[in-house]
Amino acid sequence: MTSRDIRRQFLDFFASKEHKIIPSAPIVAKSDPTLLFINSGMAPLKDFFLGNQTPPAPRVADTQKCLRVSGKHNDLEDVGFDGYHHTMFEMLGNWSFGDYFKKEALAWSWELLTEVYKLPKDRLYVSVFKGDEKEKLPFDQEAFDTWKQFVPEDRILPFGKKENFWEMGDQGPCGPCSEIHVDLRSDEERAKKNGRELVNADDPNVIEIWNNVFMQFNRKADGSLEELPAKSVDTGMGFERLCRAVQGASSNYDTDVFSPLIQFLANYSGIAYTGTYPGVNEDWKKTDVAMRVVADHLRAVSFTIADGELPSNTGAGYVIRRILRRAVRYAYSFLNIKEPILYRMCPILADEFHDVFPELKAQQDFVVRVILEEEKSFLRTLESGLKRIENLDIQNNNISGQQAFELFDTYGFPIDLTRLIAREKGWTVDEDGFEKALNEQKDRSRRDAAKEVGDWTVLSGDNTIEFVGYDVLDTRGSQVVKYRTVVAKGQTQYQVVLDRTPFYPEGGGQVGDTGTMTFGAETVRVADTKKENDLVIHILDKLPADMTAPVMCQVDARKRHLTENNHSATHLLHAALRQVLGTHVQQKGSYLDDKALRFDFAHFQKLTDEELARIEHLVNEKIRQNIALGEDRRLPIEEAKKAGAMMLFGEKYGETVRMITFDPGYSRELCGGCHVKATGQIGLFKITAETAVAAGVRRVEAVTADGAEAYITENLSEVAALKNMLKTKDLAKAVTDLQEENKRLQKEIERLVQEQANALRGELRQQAQTVGNIRLVAAVLPIGDANAVKTLAFELERELAPAVVAFGSVSPEGKPLLTVKISDDLAKSQGLNAGTIVRELAQKFLKGGGGGQPFFATAGGSDASQLDAAVAAVRGYLQA
RNA sequence: GGGGGUUUAGCUCAGCUGGCUAGAGCGCUUGCAUGGCAUGCAAGAGGUCACCGGUUCGAAUCCGGUAUCCUCCA
């Protein structure tokens, strides 16, 4: 059975049990501030379990893309070393929201595994919650009784809270769970030891494949548990592990999910894959680990980029960059692949998943491009790091912790490569010092990020929040639902949630509204509005005295309208880009406030001036057509699709969506933001910049309405002022002429000074005195240019050598300069030092100081009155 | 968000503790050499030392700020 069949059959099976099959949410967790990435099947469905949102159906099933690389679930370091940990994996799940419960869930899971997938029953074990006295939780009799119908009692194993009681967080829905484990050892091994002893014992061949969580309690803030009125089921089955069990493979990596990727690597590197593991095989090969790491990481990186998260140096993007670099490092060190390789594997993956996760195939060119650029840039980093290691100041054949850390921290050179190279050279690395430096840096960052989030003070149990800001900007009679205090960086903020609000929370690229809230007679400022899942959070810098008073809200209307102009203009721009450049243009990011808009999109070349002009013109044309806003607030997503609305990869859409249309034949997008009533309101659209932000991503910045007017006025008046100053119509030519003239004049001055110096030179040569066998020229020159004096000194010295030349001169600012040139061999043989001479003389006569080399030095000062004496005093040094 | 680093000729970079007439390689121009090419030799052009301010007699160099890119951490 192929992996594709296995996935298909899971979904078909639950569809036949009246489940609604829903698509995977994007792997990047955009609306959940507690997560960077979706790390479990239930994460995107959290709001349904919490009751913040109504699920699309009481029974739902899906396969969800997950990534476990940060936070509580971090499998990154295990990947490749065993056969069943992955960064990116699929979680198959079936869900009941207050519908069926334990009996059905367990019976179906048994049916699917044994009858559809035909897993041998004698290799399956199940676990149930044995209860917990401290929490006063009973043994899960219901689960036990259900299992007894299918499974012999000695294969039903009781486990405690750690293994079999599941909680989402400190608060919220939770409950006992029941897991199904499969024993994949050989018959021979199985005969030696009973499989039940190996369940939950970290045996690589006796593994959990399916967890059924029964949410029947609510954990309250005080730690107590309360029975939920509506009981739910949350299940998760690791797809890759299931494939291994069904296909009878000895590791997840030996299934057809990974084998095409591993095969490619083996062919490309010319190294055979032998499927060995440290801890299992005595002669395990690093090349096997490396191939698994590369195959695994490629999946994580590809899917995340396809969902719109680009490698970067902060947040989720930084996690992607780290995974990608880890893969490159393994290929580089162990497979001896010193050139970009991951990007070549991406198409294999795209083909493999074109029907389940079509977003990768659809954006293949883009993802390949991004990966390739990222690989190249890391290989460059490695190269410069290698160079840096070569130049290290090595003491006692030891790379100090400080050195290793600097390589890593400042130059991005991985510590394990430092170790590798050190070993090759017979050096050691001060690991403790490195760790210490790293921990210091971590502490520093954590201290900075420290934030004190107070508990919510809940005033009303009603969790539904109504946003009315599409229609009105002022409201009366709202009530505070809850509020809390947040302290970060010594600043205190107050976060307030209302039952009804006109304030738009930051989202979809649009900034949050500002304005005021009036509680009774007290008015406070709303500094910003943000969103946390579906909560609209108003940020106040002062807490009003009476939180129970009815609230009057007033959104800053001028700012909001200017923002709306920019948002609608962004839609017009997006459509124009697709019309002018092609439909490969996909939104990759957007930011807009009352001042300007910024739009990032997938495109491979710099936009030409002509393209920009056409785009700008098209947008302005649509503005002048004064197209009325088309808004469908609650449209079933299927209908929106049919209407041809633009949907974005990496965006999570509900069952019903809001569709914004400006001319059905031009721009139609799903969008939660705020828009103008008709495009004429935008007035004018002007592009101000076009730049690159990442490989394959361009950014257009623009202004509209008042901003556009100001921009144009400012630019035109600047140009007018310049034209006026230069008395010309052709600015460019006038400036070029000026530049050339300036250069010519500068050369001319140089030449004149040189001439003057030449004239002096003959005269000075005449004046040369002889002291012993040394020729001495000492004079105060009427030249202000230090460079010319220097040149003259060098020339004269060359002509008269062995010689000492000492000049005094006065700079245009009136400051004295003493310049002394001594023939090189003279300086050496006579122990003369120009630096010492000028320093002493400058101190004595010029109120200054100086220095240089023994053969040439200069000194300056602030008093030019005794310059003659200073120059004359040079002679004294020769006789001594 | 916090730390470290980068910014010098068209490109890649050197320039240690303040004073070297700002350099190297590649590229460019011109001339010469070889039958041609690869190339070699010689001469030359090309620099607001990222920007703003400060310290100093004097700043590419030291200090502060801004921008930029790189990098680590959160």
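Convention: sequence-line order gives letters A, B, ...; per-chain numbering from 1.
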Can you give me the N/O atom pairs linking the protein to nucleotides 72-74 of chain B at distances under 3.5 Å, or say none if there are none?
from, atom 1, to, atom 2, distance (Å)
B:C72, O5', A:Y318, OH, 3.1
B:C72, O4', A:D409, O, 3.0
B:C72, O2', A:D409, OD1, 3.2
B:C72, O2', A:Q441, NE2, 2.5
B:C72, O2, A:Q441, OE1, 3.4
B:C72, O2, A:Q441, NE2, 3.2
B:C73, OP2, A:Y318, OH, 2.0
B:C73, O4', A:Q441, NE2, 3.1
B:C73, O2', A:S445, OG, 3.3
B:C73, O2, A:S445, OG, 2.6
B:C73, N4, A:N313, O, 3.3
B:A74, N6, A:G315, N, 3.0

Query raised in the report: Between atom CG in A:L382 and atom P in B:U71, what is the gap in whole Å?
Result: 11 Å
Query raised in the report: Hey, is A:R329 close enough to A:D416 for a salt bridge, meaning N to O under 4.0 Å?
Result: yes
Distances for protein N or O near nucleotides 17-24 of chain B N or O, under 3.5 Å:
from, atom 1, to, atom 2, distance (Å)
B:G19, N9, A:G851, O, 3.3
B:G19, N7, A:G851, N, 3.3
B:G19, O6, A:G850, N, 3.1
B:G19, O6, A:G850, O, 3.0
B:G19, O6, A:G851, N, 3.3
B:C20, O4', A:Q853, OE1, 3.3
B:U21, O2, A:T791, OG1, 3.4
B:U21, O4, A:R798, NH2, 3.1

Query raised in the report: Separation of A:K387 atom NZ from B:A14 atom C1', in whole Å?
Result: 11 Å
Query raised in the report: Taking the six-membered ring of A:Y332, is NZ or CZ of A:K338 closer than 6.0 Å to its centre and within 45° of its axis?
Result: yes
Query - Between B:C13 (P) and A:R388 (CZ): distance, integer Å - result: 11 Å
Query raised in the report: Do NZ/NE/NH1/NH2 and the carboxylate oxygens of A:E690 and A:R699 come within less than 4.0 Å?
Result: no
**Report entry** Whole-angstrom distance between B:C52 and B:U61, as gauged at atom P
**Finding:** 13 Å
Report task. Look at A:K530 together with A:E506 and state whether they make a salt bridge at an N to O cut-off of under 4.0 Å. Result -> yes
Query raised in the report: Using the ring of each side chain (for Trp, its six-membered ring), is A:F856 parallel, tilted or perpendicular to A:F794, with breaks at 30° and 60°?
Result: tilted
Query raised in the report: Any luck finding a side-chain donor-acceptor pair between A:S400 and A:D430 under 3.5 Å?
Result: no
**Report entry** Span that lies between the C1' atom of B:A74 and that of B:U6, in whole angstrom
**Finding:** 23 Å
Requested in this report: Please say whether more than 12 non-hydrogen atoms of neighbouring residues, nucleotides or ligands are located less than 6.0 Å from CG in A:N439.
Outcome: yes
Query - B:U55 to B:G47 separation - C1' atoms, rounded to the nearest Å - result: 26 Å
Query raised in the report: With a 4.5 Å heavy-atom cut-off, do A:V526 and A:I539 have their side chains touching?
Result: no
Query raised in the report: How is the base pairing of RNA chain B summarised as a dot-bracket string, given the Watson-Crick and G-U wobble criteria with both distances under 3.5 Å, [ ] for crossing and | for another strand?
Result: (((((.(..((((.....[...)))).((((((.....)))))).....(((((..]....)))))).))))).
Requested in this report: Return the orientation label for the A:F334 and A:Y330 ring planes: parallel under 30°, perpendicular over 60°, tilted otherwise.
Outcome: tilted
Query - Value in whole Å for how far the C1' atom of B:C13 lies from CD of A:E383 - result: 13 Å
Query raised in the report: Could you state the CZ-C1' distance from A:R380 to B:C11, rounded to the nearest angstrom?
Result: 14 Å
Requested in this report: Measure the distance from CD on A:Q866 to P on B:C57 and round it to the nearest whole Å.
Outcome: 17 Å
Query raised in the report: Taking the P atom of each, how far is B:A45 from B:G10, in whole Å?
Result: 15 Å
Query - From B:G58, B:G3, B:G1, nucleotide with atom closest to A:D448 side chain - result: B:G1
Query raised in the report: What interatomic distance, in whole Å, is found between C1' of B:A60 and the corresponding atom of B:A50?
Result: 12 Å
Query raised in the report: How far does the P atom of B:U68 sit from the matching atom of B:U30, given to the nearest Å?
Result: 40 Å
Query raised in the report: Would you call A:R765 and A:E797 a salt bridge, taking side-chain N to carboxylate O under 4.0 Å as the test?
Result: no
**Report entry** Distance, rounded to the nearest Å, where A:E374 contributes CD and B:U71 contributes C1'
**Finding:** 12 Å
**Report entry** Nearest-angstrom distance, P atom, B:C51 to B:U7
**Finding:** 13 Å
Query raised in the report: On a whole-Å scale, what distance lies between the P atoms belonging to B:G23 and B:C70?
Result: 32 Å
Query - Between CG on residue A:D409 and CD on residue A:Q441, distance to nearest 0.5 Å - result: 4.5 Å
Report task. Could you tell me whether A:Y591 and A:F599 have their ring centroids closer than 6.0 angstrom? Result -> no
Query raised in the report: Can you find a side-chain donor-acceptor pair between A:D296 and A:T87 that sits under 3.5 Å?
Result: yes
Requested in this report: Using atom OH of A:Y411 as one end and atom P of B:G5 as the other, report the distance to the nearest whole Å.
Outcome: 8 Å
Query raised in the report: Just to confirm, is there a sub-4.0 Å distance from OP1 or OP2 of B:C57 to any side-chain nitrogen or oxygen of A:K847?
Result: no
